[in-house]
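In what follows, a structure is listed as structure tokens, so that the remarks can point back to it.
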Amino acid sequence: MQPRRLEEGDLEACATLFAQEFSAPPWSEPWTNERALARLEHFHASPGFVGMLALGDQGEVAGFLLGNLEPYVEGKLFYLREMCVATHRQGQGLGSELYRALERELATRDVRAVYLATGRGIPAARFYQQLGFRCSEGMAFYARGLKH
Ligand SMILES: CC(C)(COP(=O)(O)OP(=O)(O)OC[C@H]1O[C@@H](n2cnc3c(N)ncnc32)[C@H](O)[C@@H]1OP(=O)(O)O)[C@@H](O)C(=O)NCCC(=O)NCCS
């Protein structure tokens, strides 16, 4: 099915898929459906939200992506926050189709670039490179863990 816009009513089903995919290797993060829903709801409620969704034959979520537009020095940037395709549908072109649908959605909104953060050397990195993303030489992603 052709990707369509991701609406608020889709978030719960997307969260279930998200928790399933990111609990599995190579991520192996201990997501629950509730925590996943909280994360996706956060992006949905944030300014500039844009998401795309693809449904399978039975109406189940086959894959989705989402993120937020943000103003920049000129035009806007789109920060792609989450993307996943159901395991049994991976490698069949659905992720690329979702991404192309996103670019069509962004085409009329003066967006100068799409950016994202992901692990180096993981399978998804090759996926993004095939779509034309390049790992920035000039920029770095910094984080500092906090102890409580
Ligand atoms: C990453 C992901 C979204 C890609 O979606 P997909 O539907 O499997 O990707 P596509 O079938 O459109 O693949 C497009 C290209 O990327 C490459 N690619 C996709 N997944 C790949 C993988 N796991 N390993 C290596 N290359 C991969 C393919 O070689 C393909 O190129 P080809 O058409 O020349 O063969 C999907 O695999 C996924 O959800 N993975 C688990 C969650 C995840 O890692 N999300 C991204 C976190 S930032």
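Index from 1, following the sequence. Just so you know, ligand 1 is whichever comes first in the structure, and atom 1 is the first atom listed for that ligand. Note that the structure is a prediction, hence the values are computed from the model and not measured.
- In this structure, atom 44 (O) of ligand 1 lies nearest to the protein heavy atom Trp27 NE1, 2.9 Å.
- Contact annotation for Met83 and ligand 1: heavy atoms of both the backbone and the side chain come within less than 4.0 Å of the ligand.
- Counting heavy atoms from C-beta outward, Phe127 and Ser96 have side chains that approach closer than 4.5 Å.
- Distances from atom 37 (O) of ligand 1 to the protein include at least one heavy-atom value under 4.0 Å.
- With a 4.0 Å cut-off on non-hydrogen atoms, Gln92 touches ligand 1 through its backbone and not its side chain.
- Residue Cys84 has at least one heavy-atom neighbour below 4.0 Å for each of these atoms of ligand 1: 39 (O).
- Considering only heavy atoms from C-beta on, Leu66 stays 4.5 Å or farther from Leu102 through its side chain.
- Shortest contact from atom 11 (O) of ligand 1 to any protein heavy atom: Gly93 N, 2.7 Å.
- Between Ala54, Gly119, Gly95, it is Gly95 that holds the heavy atom closest to atom 5 (O) of ligand 1.
- In terms of protein heavy-atom proximity, atom 8 (O) of ligand 1 is closest to Gly91 N, 2.8 Å.
- Residue, atom and distance of the protein heavy atom nearest to atom 27 (C) of ligand 1 are Pro123 O, 4.2 Å.
- When heavy-atom distances to ligand 1 are checked against a 4.0 Å cut-off, Tyr128 comes that close only through its side chain, counted from C-beta outward.
- Here Gln90 has heavy atoms under 4.0 Å from ligand 1 in both its backbone and its side chain.
- Side-chain atoms of Asp10 and Phe64, non-hydrogen and from C-beta on, never get closer than 4.5 Å to each other.
- The nearest protein atom to atom 29 (O) of ligand 1, hydrogens excluded, is given as Arg126 NH2, 3.1 Å; this is a heavy-atom distance.
- Listed by number with element, the atoms of ligand 1 under 4.0 Å from a non-hydrogen atom of Val85 are 5 (O), 7 (O), 38 (C), 39 (O).
- A distance-only check finds a donor-acceptor pair linking the side chain of Glu60 to the backbone of Gln58 [under 3.5 Å].
- Asn68 contributes a side-chain N or O that, together with a main-chain N or O of Phe43, makes up a donor-acceptor pair within less than 3.5 Å.
- Nearest non-hydrogen protein atom to atom 15 (C) of ligand 1 is Gln130 OE1, 3.8 Å.
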Given the rule in the side-chain contact (heavy atoms from CB on, under 4.5 Å) test, do Glu82 and Phe18 qualify, once you have shown the distances and angles that lead to the verdict? CA-CA 9 Å; Glu82 298 297 355; Phe18 180 95; 3.2 Å; yes
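- Of the candidates Phe22, Phe18, Phe127, it is Phe127 that places a heavy atom closest to atom 19 (C) of ligand 1.
- Glu70 is listed as a side-chain neighbour of Tyr115, based on a closest heavy-atom distance under 4.5 Å.
- Residues Tyr99 and Gln130 bring no donor and acceptor atom of their side chains to less than 3.5 Å of each other.
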Worked check of side-chain contact (heavy atoms from CB on, under 4.5 Å) between Glu97 and Gln2: CA-CA 8 Å; Glu97 206 178 316; Gln2 272 287 99; 3.7 Å; yes
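- Within a 6.0 Å sphere centred on CZ of Arg89, heavy atoms belonging to other residues, nucleotides or ligands number more than 12.
- The part of Thr118 lying near ligand 1 is the side chain, judged by heavy-atom distances below 4.0 Å.
- Interface of Ser96 with ligand 1, defined as ligand atoms under 4.0 Å from a residue heavy atom, comprises 10 (P), 12 (O), 13 (O), 14 (C).
- No side-chain N or O of Trp27 forms a donor-acceptor pair with one of Glu29 less than 3.5 Å apart.
- The atoms of ligand 1 that sit less than 4.0 Å from any heavy atom of Ala124 are 1 (C), 44 (O), 46 (C).
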